[in-house]
S.K.: 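My structure is below; once you've seen it, I'll send some questions.
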Amino acid sequence: MACYALVDCNNFYASCERAFRPELNGRPVVVLSNNDGCIIARSGEAKALGIDMGTPYFKCRALLERHGVAVFSSNYALYGDMSARVMRILTRFCPAVEVYSIDEAFCDLSGVPGGAEAYGRRLRATVLAWTGIPVSVGIARTKTLAKLANRFAKKQDRSRGVFDLTTSPDPDRVLRWTDIGDVWGIGPRHAKRLRAMGVTNALQFRELDRDWVKKKMTVSGLHTLLELRGLPCHDFASGPADKKTIVSSRSFGHPVTRLDHMLEATAQYTTRAAEKLRKQQSVASAILVYLQTNSFRLGQPQYANTLSVPLAVATNHTPTLIRAAQTAMERIFKPGYQYKKCGVMLSGLEPEHGRWLNLLALPPDHRPGDAPLMRAVDRVNHRWGRDTVAFAASGITRDWRMKRDMRSPRYTTVWEEILQVRAK
DNA sequence: TCTGGGGTCCTAGGACCC
DNA sequence: TCTGGGGTCCTAGGACCC
């Protein structure tokens, strides 16, 4: 019988910041989204102050200052590297690991020696000792139940970070304790509707009629129901699946009004998206661009538009993609507006090798030298850091760039920012 | 002044074909 | 003038996830 452990890092981004600043232990810490927009991670102390996830920074700034909260801009170079370290440890000690997100992984603990719970405790202690990141471990027969067990492990002090639902004397009590809105797969819309019917916890949901659930919540809802009953519906995936779409978009540091700035940003985001595309060895057959004004500014004139253009031949050649994206952007850009954000999306992704070729158009990356050039650019940027080699179309000063006024050093990925230790 | 970014899956409905 | 059923493909929108 399958036995899954969900290993989830506690307050991951806040914990990453703390791992290098031990003086912050016991102090409230929050991390902001891109552009220092809203709160996306909180230490336990920050949660206790009543700071909600997703709160705009400017709305809670005074409260944060009053309580001496340490505030950080997000530092994805640091979080990505810390995540890789955690995942390497899990991979080393577990027979099979599915990395589910930057801070979570499902581990197959079927048949581990000494029992799953003891194994989970050793995993937890090892990750903490080797990375400084505290994790919680929830163990169960299905992924949905493992999620639920993990939450219980996090919230109930007496489980000390690990909870095994498969050996629990009263698993139904844990389901009754779990609010309907905290069940994996049940979002705010369905939760509201279920509550209105008197279904307020996971146990009550589990007892609902399956046909009713399928009709009202599609097969996704049915899978959630069956998983709560112990029937696995979500398979264990060992490798990451290839993406079907790739998006790159950002809000600007301040409003953009000029077409040339918009075209620079378009080129920059296209460059990012193309890098991701080549990393999974795919080519894109269409590119979509969009732009929008700030919809929170009700008094200002609003405009948003998108344009999707098919590519004659699927490609991952950055200059070709930039040309297509900029041409599309020129067509939807209208002067006289204060733009807040733009983005590009690559779709119709296919494997790079063994794809169909259009008989009427020469594949752009079949020009001799194009593919090797892209490979060389990727290698240089991987070795020496992002944008060591960049495309001129992305601009030099990049006035539109996002704000990150409080970013911590990239301790683990940039030599100049490495942690310094001084002897007294 | 200041409100994130990147994804997946499912379903309904329209266009089009035989 | 009216009448049919079955199928595919694509898109938009909704809901969810981290």
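Order of the sequence lines fixes the chain letters, A, B, ..., with proteins taken first and strands second; residue numbering starts at 1 for each chain.
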S.K.: What nucleotide among dC18(C), dG6(B), dG4(B) has an atom nearest to a side-chain atom of Tyr76(A)?
M.R.: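 Of the options given, the side chain of Tyr76(A) lies nearest dG4(B).
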S.K.: Using the side chain to side chain donor-acceptor pair (under 3.5 Å) rule, pick out the option among Glu275(A), Arg323(A), Arg278(A) that qualifies with Thr318(A).
M.R.: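 Between Thr318(A) and the candidates, side chain to side chain donor-acceptor pair (under 3.5 Å) is satisfied uniquely by Arg278(A).
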S.K.: Could you check which of dT8(B), dG6(B), dG4(B) has an atom nearest any side-chain atom of Thr245(A)?
M.R.: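 Output: dT8(B).
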S.K.: What is the per-nucleotide protein-contact pattern of nucleotides 10-17 of chain C, from the 5' end, where B denotes a base atom under 4.0 Å from a protein heavy atom, S denotes such proximity for sugar-phosphate atoms only, and - denotes neither?
M.R.: -----SSS
S.K.: What donor-acceptor contacts under 3.5 angstrom involve side-chain atoms of residues 328-337 of chain A, with partners at least two apart or in another chain?
M.R.:
none

S.K.: Which whole-number value in Å describes the distance from Asn150(A) CG to dC18(C) C1'?
M.R.: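 So the two atoms are 13 Å apart, to the nearest Å.
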S.K.: Can you give the dot-bracket line for DNA chain B, where a pair is Watson-Crick or G-U wobble with both atom distances under 3.5 Å, crossing pairs use [ ], and | marks a partner on another strand?
M.R.: ....||||||||||||||
S.K.: Return the value, rounded to whole Å, for the distance between atom NZ of Lys243(A) and atom P of dG5(B).
M.R.: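 It works out to 18 Å between those atoms.
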S.K.: Taking only the side-chain heavy atoms of Ser251(A) (C-beta and beyond), determine which of dG4(B), dG7(B), dT3(B) contains the nearest atom.
M.R.: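 Of the candidates, dG4(B) comes closest.
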S.K.: Please state how far atom CE in Met402(A) lies from atom P in dT1(B), giving the value in whole angstrom units.
M.R.: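 Nearest whole value for this atom pair: 23 Å.
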S.K.: Could you check whether Asn34(A) gets within reach of a base, just the sugar-phosphate, or nothing at all, counting any heavy atom under 4.0 Å?
M.R.: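 Here Asn34(A) touches the backbone only, sparing every base.
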S.K.: Base, sugar-phosphate alone, or nothing: which one does Arg297(A) contact when heavy atoms must sit under 4.0 Å apart?
M.R.: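 Touches a base.
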S.K.: Go through dT3(B), dG5(B), dC18(C) for me and flag the one nearest to the Ser101(A) side chain.
M.R.: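 Nearest nucleotide to the side chain: dC18(C).
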S.K.: Please state how far atom CZ in Phe296(A) lies from atom C1' in dT3(B), giving the value in whole angstrom units.
M.R.: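 In whole Å, dT3(B) C1' lies 4 Å from Phe296(A) CZ.
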